[in-house]
**Student:** 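Dropping the structure in here first, questions after.
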2 protein chains.
Amino acid sequence: MFSIGDLSRRTGVKVPTIRYYEQMGLLEAAERSEGNQRRFGKRELERLAFIRHARDLGLTIESIRELIDLSGHAEKPCADADRIAKEQLASVRDRIAQLKRLEKELERIALCCTGETVGDCHVIRALSNHALCATDH
Amino acid sequence: MFSIGDLSRRTGVKVPTIRYYEQMGLLEAAERSEGNQRRFGKRELERLAFIRHARDLGLTIESIRELIDLSGHAEKPCADADRIAKEQLASVRDRIAQLKRLEKELERIALCCTGETVGDCHVIRALSNHALCATDH
DNA sequence: ACAATATCTCTAGTGGCTGGAAGTCTAAGG
DNA sequence: CCTTAGACTTCCAGCCACTAGAGATATTGT
Ligand SMILES: [Zn+2]
Ligand SMILES: [Zn+2]
Ligand SMILES: [Zn+2]
Ligand SMILES: [Zn+2]
């Protein structure tokens, strides 16, 4: 049995975050020691590692909750799990595309200042006027 | 003179957001009508457009505050403005790099499920075990 | 036995808004 | 001039996914 600190060290998830996940229903309410401290087993360790990994991949708590619910039903079709992963991929791709547009504009804005004072700073002027931008962002 | 609604329509910034910016000190406390409603002029319109544009480019409220403070001192060197823009560019590039790593892993995870049930779903298995991942993310 | 460390619960704060409730003001139509 | 619809006011709560702190209790090591 692990204490919450042991679990934290083994998974890299901070102690208050573990408690938060319990509160959010991602982890079941843990067993307790005589003195009311949480005690976890291998199963909980694995589930927390799953949560950690999914969070690292950017999935929301809500998606993770769905995936955990699903994984309790090994015989069901996995279409929902696949859908969640694909949606996450699509959302990551959207964010990349958006950030790339930003990157382009910021390059134009940030790397071209030849001014010396605020009065003729390219950065300030470019920020003041979106019409100078090459794209909508 | 514009009402807050006029200003909102002209800049595309929602009414509560304009009030929020005032509260955060990005906009000076506006003049008021006899009945205590905010009234804005051209100057405030321009400043709000600046804020909107900077937010669209991903700058934080704090950075925008600095830029506004700077732009009140036309004779100062613009190194700080340039630094803020460059830092933002660097941060956008970091996020892109991070998201691309995620994209790679998610492609591997999301596009390769040939299973039919949750029990043999590639998505669930891949999320359960980061050792199967090609990169740290 | 005692000190040091870990854990407990509870509350509040982060950033950047967004929404709602309840009350007040303004502008246009009659 | 009066009505009334709509816009405006303030204040407070909620979003996400934590993070930090206070003050009390439990466990661990010497
Ligand atoms: Zn400059
Ligand atoms: Zn622009
Ligand atoms: Zn599958
Ligand atoms: Zn991984």
Side-chain angles (χ1 to χ4, degrees), chain A residues 1-27 29-40 44 47-48 50-68 84 87-88 91-92 95 98 102 137, chain B residues 1-27 29-40 44 47-48 50-68 84 87-88 91-92 95 98 102 137:
Chain A
M1 294 297 245
F2 313 119
S3 72
I4 198 167
D6 294 338
L7 201 63
S8 170
R9 278 181 292 277
R10 275 162 203 264
T11 57
V13 177
K14 289 183 187 162
V15 167
T17 306
I18 297 174
R19 290 196 276 251
Y20 170 75
Y21 289 157
E22 181 186 294
Q23 218 188 323
M24 293 299 102
L26 297 189
L27 296 171
E31 288 176 53
R32 299 293 181 126
S33 71
E34 280 193 23
N36 196 37
Q37 299 193 355
R38 288 171 183 80
R39 291 296 177 258
F40 304 87
E44 286 74 33
R47 176 175 281 196
L48 184 56
F50 178 95
I51 295 168
R52 166 87 212 258
H53 196 206
R55 284 293 303 134
D56 284 349
L57 288 162
L59 284 105
T60 62
I61 300 285
E62 189 46 38
S63 293
I64 297 171
R65 208 196 315 271
E66 284 186 66
L67 287 170
I68 288 174
I84 289 169
E87 280 172 5
Q88 176 62 14
S91 132
V92 165
R95 272 182 288 159
Q98 159 75 359
L102 283 197
H137 33 106
Chain B
M1 294 297 243
F2 313 118
S3 72
I4 199 168
D6 294 337
L7 201 63
S8 170
R9 278 181 292 277
R10 275 163 203 264
T11 57
V13 178
K14 288 184 187 160
V15 167
T17 307
I18 297 174
R19 289 197 275 252
Y20 171 75
Y21 288 158
E22 180 187 293
Q23 218 188 323
M24 295 299 102
L26 296 189
L27 295 171
E31 287 176 52
R32 298 294 180 127
S33 73
E34 279 193 22
N36 195 37
Q37 299 192 356
R38 290 171 182 79
R39 292 295 177 257
F40 304 87
E44 285 76 31
R47 177 176 280 197
L48 184 55
F50 178 95
I51 295 168
R52 166 87 211 259
H53 196 205
R55 284 294 302 135
D56 283 349
L57 287 162
L59 284 108
T60 62
I61 299 284
E62 188 46 39
S63 293
I64 296 171
R65 208 196 314 273
E66 284 186 65
L67 287 170
I68 288 174
I84 289 169
E87 280 172 4
Q88 176 61 12
S91 132
V92 165
R95 272 181 288 158
Q98 160 74 0
L102 283 198
H137 34 105

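Chain identifiers are assigned alphabetically (A, B, ...) following the order of the sequence lines, protein sequences preceding nucleic acid strands; residue numbering begins at 1 within each chain.
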**Student:** Just how far, in rounded Å, is C1' of dA17(D) from CE of M24(A)?
**Tutor:** 9 Å
**Student:** Spell out, as yes or no, whether a donor-acceptor pair under 3.5 Å connects the side chain of E31(B) to the backbone of F40(B).
**Tutor:** no
**Student:** Are R10(A) and D6(A) ion-paired here, with the side-chain N under 4.0 Å from a carboxylate O?
**Tutor:** no
**Student:** Can you tell me how far P of dC8(D) sits from CD of Q37(B), to the nearest Å?
**Tutor:** 7 Å
**Student:** Where the side chain of T11(B) meets the backbone of L48(B), is there a donor-acceptor pair that is under 3.5 Å apart?
**Tutor:** no
**Student:** Between R65(A) and M24(A), is there a donor-acceptor pair closer than 3.5 Å when you use the side chain of the first and the backbone of the second?
**Tutor:** yes
**Student:** Starting from P on dG16(C), measure out to CD1 on I18(B) and report it in whole angstrom.
**Tutor:** 17 Å
**Student:** How many angstroms lie between atom CZ of R39(B) and atom CZ of R32(B), to the nearest 0.5 angstrom?
**Tutor:** 10.0 Å
**Student:** Tabulate protein N/O versus nucleotide N/O from nucleotides 9-11 of chain C, keeping only pairs under 3.5 Å, one per line.
**Tutor:**
from: dT9(C); atom 1: OP1; to: R32(A); atom 2: NH1; distance (Å): 3.3
from: dT9(C); atom 1: OP1; to: R32(A); atom 2: NH2; distance (Å): 3.2
from: dT9(C); atom 1: OP2; to: R38(A); atom 2: NH1; distance (Å): 3.1
from: dT9(C); atom 1: OP2; to: R38(A); atom 2: NH2; distance (Å): 3.0

**Student:** Take the protein atom CG of L7(B) and the nucleotide atom C1' of dT9(D), then report the distance between them rounded to whole Å.
**Tutor:** 16 Å
**Student:** Short of 4.0 Å, heavy atom to strand atom, which residues of residues 51-67 of chain A count as contacting DNA chain D?
**Tutor:** R55(A), T60(A), I61(A)
**Student:** For T17(B) and dT18(C), is the shortest distance between a side-chain N/O and OP1 or OP2 below 4.0 Å?
**Tutor:** yes
**Student:** If you count every heavy atom of other residues, nucleotides or ligands that lies below 6.0 Å from E87(B) atom CD, does the total exceed 12?
**Tutor:** yes
**Student:** Assign each of R39(A) and K14(A) to its nearest nucleotide of DNA chain D by heavy atoms, then name whichever residue's nucleotide is nearer the 5' end.
**Tutor:** K14(A)
**Student:** S3(A) side chain N/O closer than 4.0 Å to the phosphate oxygens (OP1, OP2) of dT7(C)?
**Tutor:** yes
**Student:** Tell me: CD of E22(B) to P of dT18(C), nearest whole Å?
**Tutor:** 17 Å
**Student:** Check the phosphate of dT7(C) against S33(A), side-chain N and O only, distance under 4.0 Å to OP1 or OP2. Yes or no?
**Tutor:** no
**Student:** Counting only side-chain N and O atoms of Y21(B), is one of them less than 4.0 Å from OP1 or OP2 of dC17(C)?
**Tutor:** yes
**Student:** Could you tell me how far apart L26(A) (CG) and dC18(D) (C1') are, to the nearest whole angstrom?
**Tutor:** 12 Å
**Student:** Quick one: do R47(A) and E44(A) make a salt bridge, cutoff under 4.0 Å?
**Tutor:** no
**Student:** Can you measure I4(B) atom CD1 to dT18(C) atom P for me and round it to whole angstrom units?
**Tutor:** 13 Å
**Student:** Between E22(B) and R19(B), does any side-chain N to carboxylate O distance fall below 4.0 Å?
**Tutor:** no
**Student:** List for me each residue that meets side-chain hydrogen bond (donor to acceptor under 3.5 Å, both in side chains) alongside R55(B), sequence neighbours excluded, and say none if there are none.
**Tutor:** none
**Student:** Find the distance L48(B):CG to dC17(C):C1' and express it as a whole number of Å.
**Tutor:** 14 Å
